[in-house]
Amino acid sequence: MTSLSEKIKETAAFLKEKGMTEPEFGLILGSGLGELASEIENAVSLDYADIPNWGRSTVVGHAGKLVYGDLAGRKVLALQGRFHFYEGNPLDIVTFPVRVMKALGATGVIVTNAAGGIGYGPGTLMAITDHINMTGQNPLIGENLDEFGPRFPDMSKSYTPEYRAVAHKVADKLGIKLDEGVYIGVTGPTYETPAEIRAYKTLGADAVGMSTVPEVIVAAHSGLKVLGISCITNFAAGFQEELNHEEVVEVTERVKGDFKRLLKETLAEL
Ligand code: HPA
């Protein structure tokens, strides 16, 4: 069986050969924001199905394309549709794109998601300051890939403070309100129970979601800088009558104009 390390090398070589040669930033775009990838200029685009060792996207609203090119004057490699653990993907697959971004020479990643607000309400954009891993999983379990990073990675500053400072400066300039807080990552696919949300609030979480934590752990392991931004799409369970995916999609649609402007301008200044 091919090792993870060999698969990363194989996929990176394949993407290089297709012209995805020198990304500075990886973009992992959550629900509704995938269309930012269609603003990439001089784009080289590949369907996930055509990339060796790559996962498959199954969620409605996630396109399943890898797009490379210029955005806001930077070379980016964008995931239009990420992989979730709740889809049945092993964490090796969920985090594989981050490894490949690193292998291709990226220095930073921007990660976005939709999240439930614990305090914050629908429509809020929240820069992630830190996370709580509530998944009971860790993508680094197993043999350590020494060429990427250490066995016991430091997570003290996994959401890069300098990147966040730039995002706040840009948000101020654009007149976009950007809050900040702690993201608690769960596996899903169920939304949480009200009792779980009360517990997470006590633990110090400001937002809850079903992605991001595995990708950021792998990014931190390999020394990639990270900017994480959540779009709060609903009050978390117990703070509103009921939860549904339609509301998540609807609020993302409503906020995406500001979200895209913020991301592009921030990217230009990172
Ligand atoms: N919980 C978990 N994930 C989410 C939520 C939520 O309330 N909203 C959007 N993604």
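Every number for a ligand or one of its atoms is a count from 1 in the order of the listing.
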A.B. asks: Mind checking side chain to side chain donor-acceptor pair (under 3.5 Å) for R74 and listing every partner two or more places apart, or none if nothing turns up?
C.D. replies: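 If we apply the side chain to side chain donor-acceptor pair (under 3.5 Å) test to R74, skipping adjacent residues, the hits are E24.
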A.B. asks: Can you run down the side-chain hydrogen bond (donor to acceptor under 3.5 Å, both in side chains) pairs that involve residues 225-239, sequence neighbours left out, and say none if there aren't any?
C.D. replies: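 Passing the test, one end in residues 225-239: N113-S230.
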A.B. asks: Looking at every non-hydrogen atom in both residues, tell me the closest pair between G55 and I93 and how far apart they are.
C.D. replies: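 In this case the closest contact between G55 and I93 is CA-CG2, 3.7 Å.
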A.B. asks: What residues form a side chain to side chain contact (heavy atoms under 4.5 Å, CB included) with A106, not counting sequence neighbours?
C.D. replies: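 With sequence neighbours excluded, A106 shows a side chain to side chain contact (heavy atoms under 4.5 Å, CB included) to M101, L224, given in chain and number order.
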A.B. asks: Please determine if D172 and K169 form a salt bridge, counting it only when a charged side-chain N lies under 4.0 Å from a carboxylate O.
C.D. replies: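 No salt bridge links D172 with K169.
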A.B. asks: Enumerate the protein residues lying less than 4.0 Å from ligand 1, judged by heavy-atom distances, in chain and residue-number order.
C.D. replies: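 Residues near ligand 1: A114, A115, G116, Y191, E192, V208, G209, M210, T233, N234, L243, V248.
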A.B. asks: Is it true that E22 and K16 make a salt bridge, defined as a side-chain N closer than 4.0 Å to a carboxylate O?
C.D. replies: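 No salt bridge links E22 with K16.
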